[in-house]
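Since the structure comes first, as structure tokens, the remarks are kept for the end.
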Amino acid sequence: MAVLTYREALNRAMCEEMDKDPNIFLMGEEVGHYDGAYKVSQGMLAKYGEKRVIDTPISENGFAGVGIGAAMVGLRPIIEFMTWNFSLVAIDQIINSAAKMNYMSAGQFPIPIVFRGAGGAGGRLAAQHSQSFESWYAHIPGLKVIAPYSPADACGLLKTAIRDNNPTIFIESEVLYGSRGEVPDQEYSIPFGKADIKREGSHITIISWSRALLYVLPAAERLAKEGISVEVLDLRSIRPLDEETIYTSIRKTNRALIVEEGWEVAGFGSQIAYLIQKNSFDYLDAPVERITQEDVPMPYAANLEKASLPSEEKIISKVREMLE
Amino acid sequence: MSQPKTKKDTQDLFELYRQMLLIRRFEEGAAKSYSTGKIGGFCHLYIGQEAVGVGSIAALKEQDYIVSTYRDHGHALARGLDPNALMAELFGKKTGISQGYGGSMHFFDKEKHFMGGHGIVGGHISLAAGIAYASKFKETDAVTICFFGEGAANIGSFHEGMNLAAIWKLPLVMICENNHYAMGTPEYRALSVKDVSVRAGAYDIARDHIEGDEVRKVRDHVNVAVERARRGEGPTLMEISTYRFRGHSMSDPAKYRTKEELDRYKQSDPLLKAKDDLLRSEWKEEELEKLDIDLQTKVEEAIQFADKSEEPPLGWLYKHVYAEDV
Ligand SMILES: Cc1ncc(C[n+]2csc(CCOP(=O)(O)OP(=O)(O)O)c2C)c(N)n1
């Protein structure tokens with residue numbers, strides 16, 4: 001197996017799909033001549049030309065709409081948001097057009113589109129450039145929401161997103177772009193709605209996804225040294241959600257902690273906590289707990305930023321507390 | 001004095017008049033059904049503006065696309081969508097054009113390239129640019145027409161859509177149907193310009209401005225823009241001036257305007273103008289009368305059809321949230 005970076009894995013997914021289907025195109029700010037703001041589309045302009053790798057002006061609402069219109073008549077656009085922070089000016093198109101068009105037209109106009117780009121907290125990027133929007137998009141029926149952690153998942157899930165006939169919100173983690181991992185050499189894809197058990201354990205289940213696993217996995221490692229066995233689930237797919245894997249794990253460990261980078265209030269973790277109490281109540285030995293980004297806009301100061309995010313320490317002390 | 005026109009000279013006008021009259025009678029039927037509670041939600045009527053939709057759409061070919069606003073009944077009828085299915089949609093029935101999922105503001109007909117009624121003011125303008133984009137991508141010569149009100153000319157999507165259409169020379173004709181009011185707001189309180197089409201200058205694209213009370217004039221002007229788009233010479237921004245005789249929607253008594261103003265505009269009712277022109281040629285009053293009765297019957301049948309149709313089954317609630325997986 002080749003070792004690829006997360007960004008290379010995404011690039012490979014797009015190229016493999018574009019090689020197969022001439023109706024796929026990539027559109028966004030700086031995706032072409034600049035080779036991508038985060039270099040995810042590196043080399044693609046040279047390979048596919050200006051017809052299929054299209055640089056846009058800074059007009060998120062406009063080019064999101066263009067993508068949706070093109071999808072209405074049979075093309076399969078990949079729309080890159082330079083980061084998900086800027087998707088907010090396109091949110092009307094994403095919610096009011098992409099997510100609902102199939103429904104309000106009684107199935108006449110499916111919208112096979114992928115909106116993708118960098119998301120989550122960045123390194124000291126402060127309030128307007130450092131935030132997680134999985135919960136926002138997961139709230140909307142009609143959208144699928146994907147947030148991969150590993151390079152192999154990034155590739156396999158992006159291919160599924162491109163082939164899906166529905167609008168997919170594909171949130172890449174800005175800080176993971178350079179991370180490396182083994183990626184199968186042969187062509188493959190990963191279905192939506194399947195969580196990955198990152199680590200087996202018996203005392204507690206930690207449910208997480210995307211960059212938050214960077215805190216969860218080392219915390220689980222350290223807890224193992226204390227004799228605490230943590231099962232770690234990487235959801236990968238937020239909507240559809242793999243409920244079964246969550247319940248199976250809780251039947252085994254009887255405890256659940258959700259770790260997410262988004263805010264606490266109305267965050268996606270609250271939906272998971274609700275589902276667990278509703279469907280696994282009899283198996284719980286402790287209340288379901290959550291660790292989230294603090295309830296503040298992201299501060300710039302290094303110490304405050306660190307204090308606002310989930311961390312290994314927060315996870316370790318929460319797990320100890322839950323096992324007391 | 002010129003020679004009186006023959007029927008042959010005005011056959012096209014008769015057809016356009018027929019379409020306008022169908023819209024007028026359909027809307028009257030919708031208004032009636034709204035007052036008896038058969039139609040719910042918002043219901044924005046097109047009465048007074050018929051020449052714009054009919055004239056513009058008459059300039060299109062089958063392969064061309066139409067993107068409409070929430071005031072979409074007239075555009076849909078002008079495109080030849082089935083009045084029964086449209087009325088049934090207003091009634092929320094499974095036989096509706098969007099099977100009861102859409103309602104008044106969301107008519108869709110894929111086969112007829114009718115790409116929606118859209119409820120967010122101006123949001124559909126960039127969608128229209130996207131449809132035009134796809135025509136260019138696929139190297140077809142289809143043109144997209146996008147209708148919007150002057151109220152939509154102040155929203156970001158209008159400007160972004162126009163800029164994108166301009167830099168990519170998209171086959172798009174943007175038609176601002178200026179009826180002088182955005183809900184209760186008169187244009188002079190909301191628009192920085194008196195004529196929306198002058199904004200074309202800011203994007204270096206073609207423009208046109210006409211009065212929208214003569215249906216053939218509308219068709220001919222739109223035709224110029226459509227042909228320009230078809231030749232690959234890019235988008236046009238047109239303003240077609242018009243007036244709605246009813247309130248913004250069925251629930252609006254339109255107290256923000258005077259009776260005198262309304263009466264003045266009614267003098268240039270596009271239907272009266274077309275009718276006068278027809279009568280000045282060889283058409284007889286009785287022929288036009290018969291047409292009217294036929295259309296009223298057609299609308300009455302549509303209402304009956306809608307009323308008798310079944311509601312969508314409850315099992316359909318979740319049916320189209322997601323498209324079939326590949
Ligand atoms: C973005 C948005 N803001 C507000 C509304 C509510 N609204 C619906 S129609 C309308 C007036 C629009 O006027 P105009 O675009 O001139 O079209 P007209 O009704 O005159 O045909 C308003 C304010 C909306 N649907 N969408």
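Summarising the geometry, atom CG belonging to Asp164(A) is positioned 11.5 Å from atom CD belonging to Glu324(B); distances are rounded to the nearest 0.5 Å. Here the OG atom belonging to Ser59(A) is positioned 6.5 Å from the CG atom belonging to Asn163(B), to the nearest 0.5 angstrom. Put simply, CZ on Phe108(B) and CG on Asn102(A) are 10.0 Å apart, with the number rounded to the nearest 0.5 Å. Rounding to the nearest 0.5 angstrom, the gap separating the CG atom in Asn61(A) from the CD1 atom in Ile155(B) is 8.0 Å.
By number of non-hydrogen pairs under 4.5 angstrom with chain B, the leading residue of Ile68(A), Ile54(A), Asn23(A) is Ile54(A). Chain A forms the most heavy-atom pairs under 4.5 Å with one residue out of Gly116(B), Gly96(B), Ala134(B), and that residue is Ala134(B). The residue among Ala71(A), Ala70(A), Pro141(A) with the most heavy atom pairs within less than 4.5 Å of chain B is Ala70(A). Note on Pro110(A), Gly67(A), Pro57(A): by heavy-atom pairs under 4.5 Å with chain B, the leading option is Pro57(A). Contact count versus chain B (heavy atoms, under 4.5 Å) is highest, among Thr56(A), Ile111(A), Asp92(A), for Asp92(A). Chosen from Glu89(B), His113(B), Lys138(B), the residue pairing most often with chain A at heavy-atom distances under 4.5 Å is Lys138(B).
Only the side chain of Ser97(A) comes within contact range of chain B, with heavy atoms under 4.5 Å apart. Using a 4.5 Å cut-off between heavy atoms, Phe107(B) makes no contact with chain A at all. In this structure, chain B has a heavy atom under 4.5 Å from the side chain of Asn96(A), while its backbone stays farther away. Of the atoms belonging to Pro167(A), not a single heavy atom falls under 4.5 Å from chain B. Of the two parts of His159(B), neither the backbone nor the side chain holds a non-hydrogen atom closer than 4.5 Å to a non-hydrogen atom of chain A. In this structure, the portion of Tyr133(B) lying under 4.5 Å from any heavy atom of chain A is its side chain and not its backbone. Residue contact with chain A, scored on non-hydrogen atoms closer than 4.5 Å, involves the backbone and the side chain of Leu317(B) alike.
In terms of modelled atom types and a separation under 3.5 Å, the side chain of Tyr322(B) and the main chain of Leu143(A) share a donor-acceptor contact. Remark: side-chain polar atoms of Gln108(A) are paired, donor with acceptor, to backbone N or O of Ile97(B) under 3.5 angstrom.
Taking the six-membered ring where tryptophan is involved, the planes of Phe137(B) and Phe25(A) are tilted, since the angle between them lies from 30° to 60°.
With a 6.0 Å radius and a threshold of 12 heavy atoms from other residues, nucleotides or ligands, Ile58(A) has its CD1 atom at or below the threshold. Counting non-hydrogen atoms of neighbouring residues, nucleotides and ligands closer than 6.0 angstrom, the CZ atom of Phe86(A) exceeds 12 such neighbours. No more than 12 heavy atoms of other residues, nucleotides or ligands sit less than 6.0 Å from atom CD of Gln128(A).
Residue pairs meeting the salt bridge (charged side-chain N to carboxylate O under 4.0 Å, His left out) criterion with at least one partner in residues 110-128 of chain B, sequence neighbours excluded, are absent. Pairs engaging residues 98-113 of chain A under the salt bridge (charged side-chain N to carboxylate O under 4.0 Å, His left out) rule: none recorded [sequence neighbours left out]. Here salt bridge (charged side-chain N to carboxylate O under 4.0 Å, His left out) pairs that include residues 40-63 of chain A, with residues two or more places apart or in two chains, are Lys51(A)-Glu139(B).
Side chains of Met101(A) and His118(B) form a contact here, defined as non-hydrogen atoms less than 4.5 Å apart.
Contact between Gln93(A) and Gly123(B) at its shortest, heavy atoms only, is NE2-O, 2.7 Å. The minimum heavy-atom distance linking Gly62(A) with Ser126(B) is given by the pair O-CB, 3.5 Å.
Of residues 225-237 of chain B, no residue lies under 4.5 Å from chain A by any heavy-atom pair.
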